[in-house]
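The structure under discussion appears below in the form of structure tokens.
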Amino acid sequence: MTTTLITNIATLVTNDPALGEGPLGLLQDAALVLDGETVAWAGPATAAPAADHAVDAAGRAVIPGFVDSHSHLVFAGDRTAEFNARMSGQPYKAGGIRTTVAATRAASDAELSANVARYLREALAQGTTTFETKSGYGLTVEDEARALRIAAEHTDEVTYLGAHIVSPDYADDPAAYVDLVTGEMLDACAPHARWVDVFCEKGAFDGDQARAILTAGKAKGLHPRVHANQLSYGPGVQLAVELDAASADHCTHLTDADVDALASGNTVATLLPGAEFSTRAEWPNARRLLDAGVTVALSTDCNPGSSFTSSVPFCIALAVRDMGMTPDEALWSATAGGAAALRRTDVGRLAPGARADLTVLDAPSHVHLAYRPGVPLVTEVWRKGVRVI
């Protein structure tokens, strides 16, 4: 393996307070040494050790690669008409998730895999180096299993979401669908996934159903994550904490008891501002969560219906503008916070021993991600020590 010195970094975000200022571990006039796939050293440029190769960052900022811990990329079709109607103030009744289910079932494996790859290229170009993605648009044993097989070709962070909604095939017998999700479907899907998820919400799965699904998944070696409290108050967040879920995702409608539970447990609150932007819904109150000591992640929720964006920088700008986060908090949540939501310690930071995943911004500071919204600031992306963008 060879070493690479990246020097002349205006601002380096390490996410290690032992290396620099504040929670971001900020270093000014910094350098970074990569040894193969890992970070070997981070510190002042004047103290940088020698390396086999040198790269001049030209006074740009360097941040950890974004960790997108919530997406739904195994799908076919789009829902342009639904979005257009919603933004035009018109009621739309074309079926929502069910529309995507029909298109996904009809697509070939090659089409679905190409679609995943397309959106991952988009995300990578915008600085995302680690991502999670889910099934949930098949809702049959065969279609959910193939969705997870396809997802696993692209990432290790794969989530079984057979419990996205009750399958249209079981509209008259939701209990039988829960039995399928916790039985034959789980048996077929568990070998391809790391996580199990459920949409715990009115119109989807109630608290008892969600508990049964997550408990069955845990028994098969899958760790829980929960779509919780997006559309209304409900049991999702507290169920997530009780079952030691890695993440409770959305967290828009929270009681004081929900916030207290998150603050006292190990479950990360993953906020998904793209969904609120795309549906004109109420924003999650990130400030309330952060002030209570809750660990917060930011993610795209990239999906064809309610958040069709692959851009973490866009979500950072929304979080700062509309959710009460500071630029520092938003960046931490989109990197180290996302890593925490995946229970990873090797990504989301640029400290010795971490994976050498980094993003170079055409700006002197990470604050420009919120300061210059919509501007393509990502100029380089390195993954496992190799420049890929």
Side-chain angles (χ1 to χ4, degrees), residues 1-69 120-121 123-132 154-157 194 297 312-313 328 331-366 369 377-389:
M1 289 189 293
T2 60
T3 56
T4 301
L5 168 66
I6 304 175
T7 192
N8 196 15
I9 300 170
T11 307
L12 174 64
V13 175
T14 67
N15 282 340
D16 185 341
L19 293 177
E21 178 186 350
L24 293 185
L26 279 175
L27 289 164
Q28 309 295 329
D29 300 318
L32 193 66
V33 175
L34 314 181
D35 186 357
E37 297 184 356
T38 63
V39 176
W41 182 89
T46 54
D52 299 319
H53 304 285
V55 175
D56 187 346
R60 296 182 174 94
V62 173
I63 63 175
F66 297 125
V67 180
D68 191 344
S69 60
L120 291 180
R121 286 194 299 270
L124 184 66
Q126 296 171 93
T128 298
T129 52
T130 301
F131 65 94
E132 176 270 2
H154 300 276
T155 181
D156 294 332
E157 300 296 348
R194 181 184 178 199
V312 173
D328 284 11
L331 178 63
W332 189 96
S333 296
T335 52
L342 295 175
R343 298 208 166 161
R344 297 276 294 271
T345 59
D346 60 326
V347 296
R349 61 192 184 95
L350 291 173
R355 199 167 81 178
D357 292 354
L358 58 100
T359 293
V360 181
L361 303 178
D362 192 14
S365 166
H366 65 281
L369 290 166
L377 295 177
V378 173
T379 186
E380 295 181 24
V381 180
W382 296 60
R383 194 166 188 270
K384 295 184 178 180
V386 176
R387 182 178 175 181
V388 291
I389 298 291

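These figures come from a predicted structure and were not determined experimentally. Note: hydrogens, waters and symmetry copies are ignored here, and every other heavy atom, side chains too, is used.
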Query - Ala57 to Asn8 - nearest heavy-atom pair and separation - result: CB-O, 3.6 Å

Requested in this report: Among Asp357, Leu358, Val13, find the one that has a side chain to side chain contact (heavy atoms under 4.5 Å, CB included) with Pro64.
Outcome: Val13

Query raised in the report: Donor-acceptor pair, Thr38 side chain versus Gly353 backbone, under 3.5 Å?
Result: no

Query - From CG (Leu32) to CH2 (Trp382), nearest 0.5 Å - result: 9.5 Å

Query raised in the report: So Thr4 and Val33, side chain to side chain contact (heavy atoms under 4.5 Å, CB included) or not? Walk me through it.
Result: CA-CA 6 Å; Thr4 301; Val33 175; over 6 Å; no

Query - side chain to side chain contact (heavy atoms under 4.5 Å, CB included) partners of Ser333, counting only residues at least two apart - result: Val296, Leu298, Met325

Report summary line: Rounding to 0.5 Å, atoms CD1 (Ile63) and CG (Leu369) come to a distance of 5.0 Å

Query - Heavy-atom closest contact (Asp328 atom, His366 atom, distance) - result: OD1-NE2, 2.7 Å

Requested in this report: Would you name the heavy atoms of Asp16 and Ala351 that are closest together and state the gap between them?
Outcome: OD2-CB, 3.6 Å

Query raised in the report: Is a donor on one side and an acceptor on the other found under 3.5 Å between the side chain of Thr155 and the backbone of Phe131?
Result: yes

Query raised in the report: What is the distance from atom CG of Leu34 to atom CZ of Arg387, rounded to the nearest 0.5 Å?
Result: 13.0 Å

Report task. Evaluate side chain to side chain contact (heavy atoms under 4.5 Å, CB included) for Glu21 paired with Leu27, printing each intermediate quantity in order. Result -> CA-CA 7 Å; Glu21 178 186 350; Leu27 289 164; over 6 Å; no

Report summary line: Tightest non-hydrogen contact, residues Ala297 and Gly338, listed as CB-N, 3.8 Å

Report task. Go through the steps to decide whether Arg344 and Arg349 satisfy the test side chain to side chain contact (heavy atoms under 4.5 Å, CB included), and finish with yes or no. Result -> CA-CA 10 Å; Arg344 297 276 294 271; Arg349 61 192 184 95; over 6 Å; no

Report task. Mark yes or no for whether Thr335, through its side chain, and Leu331, through its backbone, hold a donor-acceptor pair below 3.5 Å. Result -> yes

Query raised in the report: So do Asn15 and Leu350 actually touch side chain to side chain, heavy atoms under 4.5 Å?
Result: no

Requested in this report: Check the pair Ser69 / Glu157 against side-chain hydrogen bond (donor to acceptor under 3.5 Å, both in side chains), numbers first and verdict last.
Outcome: CA-CA 8 Å; Ser69 60; Glu157 300 296 348; over 6 Å; no

**Report entry** Minimum-distance pair of heavy atoms, taken over all atoms of Ala45 and Thr7
**Finding:** CB-OG1, 3.8 Å

Report task. Enumerate the residue pairs fulfilling salt bridge (Lys or Arg N to Asp or Glu O under 4.0 Å) with a member in residues 34-62, sequence neighbours excluded, ordered by first and then second residue. Result -> Arg60-Asp362

Requested in this report: Give a yes-or-no answer on whether the side chains of Asp68 and Thr130 include a donor-acceptor pair shorter than 3.5 Å.
Outcome: no

**Report entry** Separation between CG of Leu26 and OG1 of Thr14, rounded to the nearest 0.5 Å
**Finding:** 7.5 Å

Query raised in the report: With sequence neighbours excluded, what pairs up with Arg383 under the side-chain hydrogen bond (donor to acceptor under 3.5 Å, both in side chains) test?
Result: none

Report summary line: Closest non-hydrogen atoms of Ile6 and Ile9, given as atom of the first, atom of the second and distance, are O-CD1, 3.6 Å

Report summary line: Rounding to 0.5 Å, atoms CG (Leu5) and CH2 (Trp41) come to a distance of 8.0 Å

Report task. Working to the nearest 0.5 Å, report the span between CD1 of Ile389 and CD of Gln126. Result -> 10.0 Å

Requested in this report: Start with the C-alpha distance between Phe66 and Thr129, add both sets of side-chain angles, then the distance that settles side chain to side chain contact (heavy atoms under 4.5 Å, CB included), and finish with yes or no.
Outcome: CA-CA 6 Å; Phe66 297 125; Thr129 52; 6.0 Å; no

Query raised in the report: With distance as the sole criterion, is a donor-acceptor pair present between the side chains of Glu380 and Thr359 under 3.5 Å?
Result: no

